[in-house]
Amino acid sequence: MVTILMPVYNEGASIRQTLSQVEQVLGEADIPHSYLLVDDGSTDDTWQQLLLARQELPGLRLVRLSRNFGKEAALCAGLERAGGDAVIVMDADLQHPPRYLPRMVELWQQGYEIVDGVKAHRGREPFFRRWGAALYYRLFGRLTGLSQQPLSDFKLLSRRALEAWKQLPERDTYFRGMSAWLGFARCQMPFEVEPRRQGRTKWRFSALLRLFVDSIIAYTAAPLLLVGVMGLVMLAAAAVLTVQTLWMYFSHQAQTGFSTVILLQLFIGSGLMLALSVIGLYIGKIYEEVKGRPRYLVQEDTDALLPVDPR
Ligand code: UDP
Ligand code: MG
């Protein structure tokens, strides 16, 4: 029994089409399944559409968050509730094509605990974005020692992997990286990313930048080490400069040295600020974690014994 988990945010126009396609593929492949869809505080008619879809698919469990908490939080809400022997996480916009689902299940039945969807092609994307993503995965892999493959959130987790994932207590999650961290028998399944049919991507540049910083900070303290290395390099340079300056002074060749001082000030000043901001980022994360707020709040859950508000 496989649970299909999708985070859904403002996909009202396409969500039912997505569901019917998935249903068709799984029906043809004869895979026993159920659905768990998490509405991440959509502002369009997504929730109504989901309730309608539920009339056709009685095995559809719906969870609605109290506001938009972001995809990661929506995923957490789903993973914590998912039943079944395995869970498949996929996007609700058909960019993770349903035709790969039988293959994933097959790999799982061969004994893999985690099946990673790996983007073979990134679909149609602006050049700088493609390039940025490639650079990012290199950097992420290098810094964290985890995978350098272009990861995606299209994954199958077995019950065992899912239970292990649930033990990770951090508030601020990064699903792609976490499943790489888990280990277990895993395999990769390349897939072609489909172009988005409806609406547009919800990732703005600022959000991507935040994900970039968050993911690195969540998995490695390497930037802190970098600050230390930078300090050492500065110290070495300063030592050389001290010797040189003293030599000049005692050999009566000293210039007024105004520009040198200014340049050094700027250089050291910016170095210090950078170092402080790196440390600050980690402290910020510690603060977030220490506050211990829940990752998300649930407004409605069709499987909880509370009446479902159709609004
Ligand atoms: N999503 C979500 N909450 C958000 C943003 C997105 O649950 O705040 C969902 C969205 O409905 C979709 C998936 O996450 O199912 C991927 O979002 P999107 O297609 O916008 O991202 P992209 O494919 O560009 O990475
Ligand atoms: Mg998408």
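We're numbering straight along the sequence, starting at 1. Just so we're clear, the structure is a prediction, and the values are computed from it rather than from any experiment. Every number for a ligand or one of its atoms is a count from 1 in the order of the listing.
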A.B. asks: For Asn68, which part has a heavy atom under 4.0 Å from ligand 1: side chain, backbone, both, or neither?
C.D. replies: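 Answer for Asn68: side chain.
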A.B. asks: Check whether any N, O or S atom of Asp93, backbone or side chain, sits closer than 2.8 Å to the Mg ion (ligand 2).
C.D. replies: yes
A.B. asks: For the 3.5 Å polar cut-off, considering only N or O atoms, please tell me whether Ala92 and ligand 1 meet it.
C.D. replies: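 There is such a contact, yes.
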A.B. asks: Taking 4.0 Å as the limit for heavy-atom contacts, which would you say applies to Lys71 with ligand 1: side chain only, backbone only, both, or neither?
C.D. replies: both
A.B. asks: Taking the inter-plane angle between the rings of Phe154 and His96 on a 0 to 90° scale, is it parallel (under 30°), tilted (30 to 60°) or perpendicular (over 60°)?
C.D. replies: parallel
A.B. asks: Can you get from Met1 to Met90 by hopping between Ile, Leu, Val, Met, Phe, Trp and Tyr side chains that sit under 4.5 Å apart?
C.D. replies: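 No, separate clusters.
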A.B. asks: Under 6.0 Å from the ring centre and within 45 degrees of the ring axis: does the NZ or CZ of Arg67 meet both conditions for the six-membered ring of Phe69?
C.D. replies: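 Cation-pi check for Arg67 and Phe69: passes.
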A.B. asks: Under 3.5 Å, which donor-acceptor pairs do the side chains of residues 104-114 form with other protein atoms, sequence neighbours left out?
C.D. replies:
residue: Glu106; atom: OE2; partner: Arg103; partner atom: NH1; Å: 3.1
residue: Glu113; atom: OE1; partner: Ser158; partner atom: OG; Å: 2.4
residue: Glu113; atom: OE2; partner: Arg160; partner atom: NH2; Å: 2.9

A.B. asks: Any idea which atoms of ligand 1 are less than 4.0 Å away from a heavy-atom of Gln95?
C.D. replies: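 By the 4.0 Å cutoff, the relevant atoms are 19 (O), 22 (P), 23 (O).
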A.B. asks: Within the structure, is a non-hydrogen atom of Glu11 found at a distance of less than 4.0 Å from ligand 1?
C.D. replies: yes
A.B. asks: Identify which one of Asp301, Thr3, Val38 satisfies the side-chain contact (heavy atoms from CB on, under 4.5 Å) criterion when paired with Arg61.
C.D. replies: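 With Arg61 as partner, side-chain contact (heavy atoms from CB on, under 4.5 Å) holds for just one option, Asp301.
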A.B. asks: Just to be sure I read this right, does ligand 1 sit under 4.0 Å from the backbone of Asp91, its side chain, both, or neither, counting only heavy atoms?
C.D. replies: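 Both backbone and side chain of Asp91 come within 4.0 Å of ligand 1.
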A.B. asks: Any side-chain donor paired with an acceptor under 3.5 Å for Asp93 and Ser14?
C.D. replies: no
